[in-house]
Amino acid sequence: GMEDTALSAGAHNASTGVSMPSMPLSFLHVNESATIVSIHADEKLHHHLENMGFVEGASVTIASQNAGNIIVQVKGASIGLDKNMARKIIVG
């Protein structure tokens, strides 16, 4: 019945990653939003990012980009990151 097709469709999407592949935050465009799936940083930087609101499951939006810096909106705050930091934050 209906449930069978919904289940198989869901499984298919998960395996092919149709919705949106995980990628570094630095790949997002201005005004795009995504959810943080993981942070690939050493413990010190990971903790620093968490304190700023970059935690797994948090929604982020790119407010602006210029000269290698990205302004990211997370939990109502606008935070500037450089591209190196933004590369360590994986979103999906």
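Because the structure is a prediction, the values reported are computed rather than measured.
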K75 atom NZ, over 12 foreign heavy atoms within 6.0 Å | no

So does H40 have more than 12 non-hydrogen atoms from other groups sitting under 6.0 Å from NE2?
-> yes

Please find the pair of heavy atoms, one from [X] and one from [Y], that lie closest to each other, and give the distance.
{"X": "I71", "Y": "S78", "value": "CG2-CB, 4.0 Å"}
{"X": "S64", "Y": "V30", "value": "CA-CG2, 4.0 Å"}
{"X": "G92", "Y": "A34", "value": "O-CB, 3.9 Å"}
{"X": "I90", "Y": "P24", "value": "CD1-CA, 4.1 Å"}
{"X": "I70", "Y": "S26", "value": "CD1-CA, 3.8 Å"}
{"X": "M52", "Y": "V74", "value": "O-CG1, 3.9 Å"}

Could you grab the distance from atom [atom1] of [X] to atom [atom2] of [Y], nearest 0.5 Å is fine?
{"X": "E43", "Y": "H48", "atom1": "CD", "atom2": "NE2", "value": "15.0 Å"}
{"X": "I39", "Y": "K88", "atom1": "CD1", "atom2": "NZ", "value": "11.5 Å"}
{"X": "L81", "Y": "R87", "atom1": "CG", "atom2": "CZ", "value": "12.0 Å"}
{"X": "F27", "Y": "E32", "atom1": "CZ", "atom2": "CD", "value": "12.0 Å"}
{"X": "H46", "Y": "I89", "atom1": "NE2", "atom2": "CD1", "value": "9.5 Å"}

Could you tell me whether a side-chain N or O of Q65 sits under 3.5 Å from a main-chain N or O of L28, the two making a donor and an acceptor?
-> yes

